[in-house]
Amino acid sequence: MKHIDILIIGAGISGAVLAERYANIGKKVLVIEKRNHIGGNCYDYIDENGILVSKYGAHLFHTNDESVWHYVNRFSDWYTWEHKEIARIDGKTVPIPVNITTVNKLFNLNLEDEAEMKNWLSQNRTPIVNPSNGEEAILNRVGTVLYEKIFKNYIKKQWNKYPAEMDITLLEKILFRTNFDDHYFSEQCQTLPDGGYTQLFENMLDHPNIEVLLNTDFFDVKNQYKNYEKMFYTGPIDRYFEFKNNLVEKLEYRSINFVSETIDASYFQENSVVNYPGTDVDFTRITEYKHFGNQKSKKTTIVKEFIVDEGEPYYPVPTQKNKEIYARYKEDAEQLTDVHFVGRLANYKYLSMDQAFKNALDLFDELENKTLLKTAV
Ligand code: FAD
Ligand code: NA
């Protein structure tokens, strides 16, 4: 068997960053990926309509972190994309995150500025001083009327939990604006890679020291790979320990069923992403990929997202119970000094792409005690 210094499980952002970093300091790297492609959840491809489609849902890059921005620019050119989303609610089309326009349209109002918005809010909101659960946190933030009309059903659809069961810190941060800003993100840098994400990953992994083994589940081959200096595991943490901590419990995830359709028309909807927070339909949103980068094609591809319990793990479910289960797996993980648990699934935490880049870059720097600048080529 070939000599390996660094064994990496998973070819998503976390795995690709560590592979690239270690290859560049002369280490022999093997990346094992169970899917038939690199890129993890960022993977995209050109579909039968000639449109660049993301297999696991639209991926919008947004960051305020200069070191991440500098790093990703080494592997792709990027174009500015200031993402906006709309929602269909009660037959109306409104911008989201909720802002003054959303409230005006939904409730037939004519609020003209932030002061009027805050005044409307105060009339519809009973402040809760120390919210004791997720429902109280969100009610405290947006008030009863908006909660009932938008957030309650949406949260139930997204998490299959009512807010009262959910982690308070997540709902305290739920996107909501008292001005007219209708941008989906607030970071300074909002952008998409010119040639798509898969190309970016190909460029990251294109190094003579890196070998990628696709279609291979690490747990089927792990006995073949024992002699390595370090291992980075980016899969689900509970799977690593065979779902056994001292209480034997599996972590909960939400999955998504992506259903794509070709529509024989130049466009299907007026915006890249349209959300459906209500209970009138089962899907949560429809993405029309053609809008990203104004792609040209005779037909158009749309993808409906249905959130489900079973399937690929996408979203950790932020409840107190899951937090506690995770904490016990984390203790087990910390005992293993030559295995590092990196990324979204291994840390049981939603990470945006820039955070995933940042965490992996920081881990490399911490372990190798080098700065990005010193090792940059
Ligand atoms: P992953 O991309 O999940 O990579 C882990 C890899 O490990 C996977 O390829 C998996 O197949 C592999 N693996 C797991 N177990 C094994 C095993 N046993 N053997 C071999 N391989 C294994 N972020 C944004 O910034 N903007 C967005 O708009 C955005 N949209 C998103 C939409 C959705 C639907 C989802 C789910 C996420 C979105 N994200 C977005 C987050 C983004 O996808 C993550 O930040 C990023 O994918 C994290 O990278 P990762 O390497 O940690 O994990
Ligand atoms: Na460890």
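On a predicted model such as this, the values are computed, not experimentally measured, just so you know. We count ligands from 1, going down the list as the structure has it; atoms in each ligand are counted the same way.
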(message) Under 3.5 Å between any N/O of Glu33 and any N/O of ligand 1: does that happen in this structure?
(response) yes

(request) Within a distance under 4.0 Å of any heavy atom of Ile32, pick out the atoms of ligand 1 and give their elements. (result) 20 (C), 21 (N)

(request) Can you pull out the closest protein heavy atom to atom 21 (N) of ligand 1? Residue, atom name and distance to 0.1 Å, please. (result) Lys34 N, 3.1 Å

(message) Could you report the tightest heavy-atom contact between Ala58 and Thr287, atom names first, then the distance?
(response) CB-CG2, 4.1 Å

(message) Check this for me, if you would: do Glu270 and Arg88 make a salt bridge, where the nitrogen-to-carboxylate-oxygen distance has to be below 4.0 angstrom?
(response) yes

(request) Do me a favour and list the nearest non-hydrogen protein atom to atom 47 (O) of ligand 1 with residue, atom name and distance? (result) Asn41 CB, 3.8 Å

(request) Compute the shortest N/O to N/O distance between Gly15 and ligand 1 and return yes if it is under 3.5 Å, no if not. (result) no

(request) Could you tell me the residue and atom name of the protein heavy atom closest to atom 28 (O) of ligand 1, and the distance to it rounded to 0.1 Å? (result) Leu60 N, 2.8 Å

(message) Looking at every heavy atom in both Thr234 and Gly10, which two are closest together, and how far apart are they?
(response) OG1-CA, 3.5 Å

(request) Please answer: with hydrophobic residues joined when any side-chain heavy atoms are less than 4.5 Å apart, are Tyr56 and Tyr45 in the same cluster? (result) yes

(message) Strictly below 4.0 Å, N to O, side chains only: are Arg254 and Asp309 in salt-bridge contact?
(response) yes

(request) Going by heavy-atom distance to atom 50 (P) of ligand 1, choose the closest among Gly10, Gly12, Ser14. (result) Ser14

(message) At less than 4.0 angstrom from any non-hydrogen atom of Met353, what atoms of ligand 1 do you find?
(response) 23 (N), 24 (C), 25 (O), 26 (N), 42 (C), 45 (O)

(request) Check if Tyr43 has a non-hydrogen atom at a distance under 4.0 Å from any atom of ligand 1. (result) no

(message) For the 3.5 Å polar cut-off, considering only N or O atoms, please tell me whether Arg344 and ligand 1 meet it.
(response) yes

(message) Using a 6.0 Å cut-off, check whether atom CD of Gln188 has over 12 heavy atoms from anything other than its own residue.
(response) no

(request) Keeping the roles fixed (side chain from Ser297, backbone from Lys299), state whether a donor-acceptor pair exists under 3.5 Å. (result) yes

(request) Would you check whether Phe61 reaches within less than 4.0 Å of ligand 1, judged by its heavy atoms? (result) no

(request) Identify which of Ala16, Ala346, Ala356 has a heavy atom lying nearest to atom 48 (C) of ligand 1. (result) Ala356

(message) Give the atom numbers and elements of ligand 1 that come within less than 4.0 Å of a heavy atom of Phe219.
(response) 18 (N)

(request) Could you list which atoms of ligand 1 come closer than 4.0 Å to a heavy atom of Gly235? (result) 14 (C), 15 (N)

(request) Classify the angle between the aromatic ring planes of Tyr276 and Phe283 as parallel (below 30°), tilted (30 to 60°) or perpendicular (above 60°). (result) perpendicular

(request) Write out the residue and atom name of the closest protein heavy atom to atom 5 (C) of ligand 1, then the distance separating them to 0.1 Å. (result) Thr234 OG1, 3.6 Å

(message) Can you tell me if Ile38 contacts ligand 1 (heavy atom of the residue under 4.0 Å from the ligand)?
(response) no

(message) For Glu334, is there an ion pair with Lys330 - N to carboxylate O distance below 4.0 angstrom?
(response) yes

(message) Can a side-chain donor-acceptor contact be found between Tyr184 and Gln190 if the only test is distance below 3.5 angstrom?
(response) no

(request) For the pair Glu312 and Lys55, find out whether any cationic side-chain nitrogen is under 4.0 Å from an anionic carboxylate oxygen. (result) no

(request) Flag Tyr315 as yes when one of its N or O atoms lies below 3.5 Å from any N or O atom of ligand 1, and as no otherwise. (result) no

(request) Return a yes/no value for His59: is any of its N or O atoms, backbone included, closer than 3.5 angstrom to an N or O of ligand 1? (result) yes

(message) Below 4.0 Å, non-hydrogen atoms only: which portion of Ile256 touches ligand 1? Side chain, backbone, both or neither.
(response) side chain

(request) Would you mind checking if Lys149 and Asp90 are paired as a salt bridge, meaning a charged N to carboxylate O distance below 4.0 Å? (result) yes

(request) Flag yes if more than 12 heavy atoms outside Gln123 fall under 6.0 Å of its CD atom; otherwise flag no. (result) yes

(request) May I ask you to list the atoms of ligand 1 that are less than 4.0 angstrom from any heavy atom of Ile9? (result) 17 (C), 19 (N), 20 (C), 21 (N)

(message) What I'd like to find out is whether the side chain of Tyr289 reaches to under 4.5 Å of the side chain of Val303, using heavy atoms alone.
(response) yes

(request) Please work out whether any backbone atom (N, CA, C, O) or any side-chain heavy atom from C-beta onward of Ala58 is under 4.0 Å from ligand 1, and answer side chain, backbone, both or neither. (result) backbone

(request) Specify side chain, backbone, both or neither for His62, according to which of its non-hydrogen atoms lie closer than 4.0 Å to ligand 1. (result) side chain

(message) Considering non-hydrogen atoms of the protein only, which is the closest contact for atom 44 (C) of ligand 1, and what is the distance?
(response) Leu351 O, 3.4 Å

(message) For atom 40 (C) of ligand 1, what's the nearest protein heavy-atom neighbour? Residue, atom name and distance, please.
(response) Tyr350 OH, 3.1 Å

(request) Could you tell me whether Asp354 and Lys358 make a salt bridge, using a distance below 4.0 angstrom between a side-chain N and a carboxylate O? (result) no

(request) Could you tell me whether some N/O pair between Tyr233 and ligand 1 is separated by less than 3.5 angstrom? (result) no

(message) Can you report which non-hydrogen protein atom sits closest to atom 18 (N) of ligand 1, along with the distance?
(response) Asp217 OD1, 3.0 Å

(request) Could you list the atoms of ligand 1 found under 4.0 angstrom from a heavy atom of Gly343? (result) 52 (O)

(request) Would you please classify the geometry between the Phe241 ring and the Tyr329 ring as parallel, tilted or perpendicular, with 30° and 60° separating the classes? (result) parallel

(message) Out of all atoms in ligand 1, which are within 4.0 Å of some heavy atom of Ile13? Include the element for each.
(response) 46 (C), 49 (O), 51 (O)

(request) For Glu312 and ligand 1, answer yes if some heavy atom of the residue is under 4.0 Å from a ligand atom, otherwise no. (result) no

(request) Quickly, which of Glu288, Glu261, Gln269 forms a side-chain hydrogen bond (donor to acceptor under 3.5 Å, both in side chains) with Thr300? Name it, please. (result) Glu288

(message) Show me which atoms of ligand 1 lie under 4.0 Å from any heavy atom of Phe218.
(response) 17 (C), 18 (N), 19 (N), 20 (C)

